[in-house]
Amino acid sequence: MCTAVLLCMQEPSDTTIAIQNVEVTGMARQRQQMKSSQNSVQVGRDYLENNLAGSLMQTLQGIPGVKAMSIGSGLSKPTIRGLGFNRMAVTEDGVKHEGQQWGDDHGLEIDQFAVDRAEVIKGPAALLYGSDAIGGVLNLFTTHIPERPVEGTVQFVGRSNNESLGGSAKIGGRLGKFIYRAHATYVDYSDYKVPTDSIQYYSYWIRLKNGRLRNTAGRERNGSLMLGYAGYNFHTDIRISDTYSKSGFFANAHGLEVRLSNIDYDRSRRDIDLPYQWVNHLKVLSHTSWTDDRMSLELNLAYQNNVREELSEPVSHGYMPTPDGTLERRFVKNTYTGQLTLHRQLSEHHELNAGLNGEYQHNRRAGWGFIIPDFETLSMGAYVFDRFTITERLILNAGLRYDHARTHIHAYYDWYKTPSLTPSPTGEGSEYPYMVAKQRSADRVRHFNSLTWSAGINWRTGEWVLKANVGKSFRVPIPKELGADGVNYHIFRYERGNANLSPEESYQLDAGISWNHDRLSVQVDPYVNYFPNYIYLNPTSRYVEGLQLYNYMQARVLRCGFEAQVDYQIHRKWQASLKGEYLYAEQLSGPKQGYTLPFSTPWSVDADVRYTFRRLFERRPGGMGFVALNVHVVGRQNRVVPPERPTDGYFTLNASAGKHFTLGRQFTLKVALRADNLLNRRYYDHTSYYRLIDVPEPGRNFSLTAGLDF
């Protein structure tokens, strides 16, 4: 049987194994696709290192269906099939990551240099992961178990566009059955460059010095420690990680005009002036598992503390007087998580999975700016998932889940007074209207319950693998959707919540069709989603504090699309691939009936050619290297929601290369080069908020990553 080269492959089991740069037969690839009826993609450490970009999501957005919603060159949010924020779950080592996901202006508080491998589950996965997984899941793992007493990695990275310099070091080891690992990262970057010398901000033309977006510099410092015991059938460890980032906001996008500020933003391209933000995320995670021949138990306990501050020059809005101090917004979120899972092999062909999970969130705000109130959320869920192998070629699965959530939103009154629209109820005061502290959020408790289900089938016949998954998912409205009432600077609008929103539901059908023959493989993943009550922000004709008012509401929505990929092994050393994606969305009810959803992703196609080589007479894996060329084409997005405007299509030319060098018996030097937007084209990403103020995407960028494994 002829073989096909997979850049990276993982086989999920009780201990997931990553196999990289290994030739596998087409039959092995088919067996891998039979593991689940859901569409998922796994990538290993080599992929992460060779595609390292400014943020974790920019590193992963080469996967069809995965995009990074970017704010600047070092901040981005993940989306899967156009759904992001609280519509997709991010887990780290099996525990859902809980930061301020609703925020549009900061990225994931996760150190991408610490990630050993990643899995993207495309499509609803609420059955196993709970509420936020209505659009998909990004699973991140830092679970590599050292095999020697001392081993580790040292990495250095540099980028030309924002003059980023960074370093990362990891050391670990195994002493008998005891294991340890420590990791540290530091990155510093300057204002990034765009291929233009001016932008238009509303009706103003703003010059950019040397094409740099002023005050977009930043820095990161992260650290983690793991101590554990790894026996034959018992494993336990505790992991502590702390991530910190500080980054400037492009002042013109934060409600400030440079001409009205006393700050010289062009004084230095590496300093961080007002307005800026800092975010710190502390995570303590305990993982324990026990396994025998037919059963395994796993217990995860976690505590997460997320602190985020936005600081800005004091500016008055509406009737607000000029405040004292620079603390505009502060959020402190504490999350306690517990989950217990059971895997039982009932027979040779029958296995059962079940789980319980609970989570408590406690969030408090401060500062003179308001957007969301204080809140507490308690959620609990239980599921059972059954998998039955009829034959090696036909597998069925089905599952059921029940969830309950309680959200308590606190009342909030402005710290200043504004004129009331109604007379005083007590008759006090001779003047009308009288002054009163405006209530932006009312004290309210909501309870949410949901029963969800899923069923799937995998069928292999000859060179074909066909799979389908159908089910119902849900999502609990987040406190921002229920109680927001304030300015969202980065989308240039005023947002107002709706305390009466019901849980968002989704009925979905996902399919996978793959064909492997000789040196050619084809994969097509179509999907359909129907939301009877999709939650979205509806623009109105009103303006509040100088910005257009958007109200949260619900409507029926249909979403459908597909991802497709073709891989061809031209020669033993030459490979070519073509991959693309398409999404169609339409509102079926409400004031925007017939329109798509805001920030809907346009179609895109990637064409890649890759040459793999090894040093002359080199037969060890350390001698492998590659050179690759990529053309990224994005179509014009004409389907928009007023007041959105269409976005022109574009293409970029990108290149990458990498090489492993063996240095003695214990050391491997890894070097990776990337060149993005080689032609320095000016283009706009339809999902970027900066597009709204005429800021194009970053210009030409060269990056170098060098790492030493020992």
Side-chain angles (χ1 to χ4, degrees), residues 38-41 57-58 60-70 76-89 120-125 133-138 468-470 473 475 504-513 523-532 534-537 555-566 578-588 590 592-607 632-642 644-651 683-689 691 697:
Q38 288 188 305
N39 294 312
S40 65
V41 178
M57 289 317 305
Q58 290 168 339
L60 293 174
Q61 69 176 348
I63 299 172
V66 178
K67 295 296 180 187
M69 299 181 69
S70 299
S76 60
K77 288 284 192 181
T79 68
I80 298 177
R81 293 176 171 174
L83 299 177
F85 301 99
N86 284 74
R87 286 193 175 92
M88 63 163 289
V120 177
I121 298 177
K122 296 184 286 186
I134 198 168
V137 180
L138 171 60
N469 198 79
V470 62
S473 299
R475 183 179 71 86
E504 193 174 74
E505 296 180 339
S506 169
Y507 296 89
Q508 73 280 343
L509 171 63
D510 285 86
I513 306 168
Q523 176 83 29
V524 180
D525 300 326
Y527 60 91
V528 177
N529 284 108
Y530 170 69
F531 292 82
Y534 187 90
I535 300 172
Y536 75 105
L537 275 167
R556 291 187 291 115
V557 168
L558 176 68
R559 301 175 74 256
C560 58
F562 66 89
E563 295 99 34
Q565 182 165 344
V566 179
L578 187 68
K579 54 190 176 183
E581 58 188 86
Y582 173 78
L583 168 66
Y584 175 87
E586 182 179 345
Q587 299 184 41
L588 303 179
K592 299 297 181 181
Q593 183 176 352
Y595 288 99
T596 186
L597 294 172
F599 296 95
S600 290
T601 55
W603 64 263
S604 65
V605 174
D606 280 87
H632 180 58
V633 181
V634 177
R636 176 179 171 85
Q637 182 55 286
N638 289 315
R639 301 194 73 250
V640 296
V641 185
E644 277 189 326
R645 292 177 297 177
T647 304
D648 289 335
Y650 63 90
F651 79 91
Y683 67 95
Y684 298 87
D685 184 348
H686 189 75
T687 65
S688 171
Y689 302 125
R691 170 182 61 87
E697 293 302 295

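Residue numbers start at 1 and run along the sequence shown.
- The two residues Ala68 and Thr687 make their nearest non-hydrogen contact at O-OG1, 4.4 Å.
- Around atom CZ of Arg636, more than 12 heavy atoms belonging to other residues, nucleotides or ligands sit under 6.0 Å away.
- With sequence neighbours left out, the side chain to side chain contact (heavy atoms under 4.5 Å, CB included) criterion links Thr596 to Ala585, Ser600, Arg639, Val641.
- In this structure, the side chains of Met88 and Val120 stay at 4.5 Å or more apart for every pair of heavy atoms.
- No donor-acceptor distance shorter than 3.5 angstrom exists from the side chain of Glu504 to the backbone of Arg475, with no hydrogens or angles considered.
- Using a 4.5 Å cut-off on side-chain heavy atoms (C-beta onward), Leu597 and Val557 make contact.
- By the side chain to side chain contact (heavy atoms under 4.5 Å, CB included) test, Leu558 is found to be paired with Val528, Leu588, residues two or more places apart in sequence or in another chain being considered.
- At a threshold of 4.5 Å between non-hydrogen side-chain atoms, the residues Met57 and Val66 count as touching.
- Remark: Phe599 engages Tyr689 in a ring pair (Phe, Tyr, Trp, His ring centres under 6.0 Å) (not counting sequence neighbours).
- Side chains of Tyr536 and Gln587: a donor-acceptor N/O pair is present below 3.5 angstrom, by distance only.
- You'll find the side chain of Val634 stays beyond 4.5 Å of the side chain of Tyr684, heavy atoms only.
- Shown here for Pro646 and Asn638, the closest heavy-atom pair between the two residues is CB-OD1, 4.0 Å.
- Taken from CD1 in Ile63 to CG in Asp606, the straight-line distance is 12.0 Å, to the nearest 0.5 Å.
- You'll find the side chain of Glu563 stays beyond 4.5 Å of the side chain of Lys579, heavy atoms only.
- Looking at Gln508 and Asp510, their side chains never bring a donor and an acceptor atom within 3.5 Å of each other.
- Listed for the Lys122 side chain is no donor-acceptor partner under 3.5 Å among the backbone atoms of Val41.
- Nearest heavy-atom pair across Ile80 and Ile121 is CD1-O, 3.9 Å.
- Side-chain contact check for Leu138 versus Leu60: some heavy-atom pair is nearer than 4.5 Å.
- Across Leu83 and Gly135, no two heavy atoms sit closer than the pair CD1-CA, 3.7 Å.
- A pairwise comparison of heavy atoms in Pro642 and Val640 identifies CD-O, 3.9 Å as the closest pair.
- To the nearest 0.5 Å, atoms CD1 (Ile513) and CG (Asn39) are separated by 10.0 Å.
- In this structure, Ser604 and His632 have side chains that are in contact, with non-hydrogen atoms separated by less than 4.5 Å.
- The side-chain contact (heavy atoms from CB on, under 4.5 Å) with Glu581 is formed by just one residue from the set Arg81, Gln565, Lys67; it is Lys67.
- Remark: of the listed residues Tyr530, Tyr534, Phe531, Tyr530 is the sole one forming a side-chain contact (heavy atoms from CB on, under 4.5 Å) with Arg556.
- Within the 4.5 Å cutoff, side-chain heavy atoms of Trp603 are placed close to those of Val633.
- Judged by distance alone, with hydrogens and angles left aside, the side-chain atoms of Arg87 form no donor-acceptor pair with the main-chain N or O of Ile134 at under 3.5 Å.
- In plain terms, the two heavy atoms of Tyr527 and Tyr582 that are nearest each other are OH-O, 3.8 Å.
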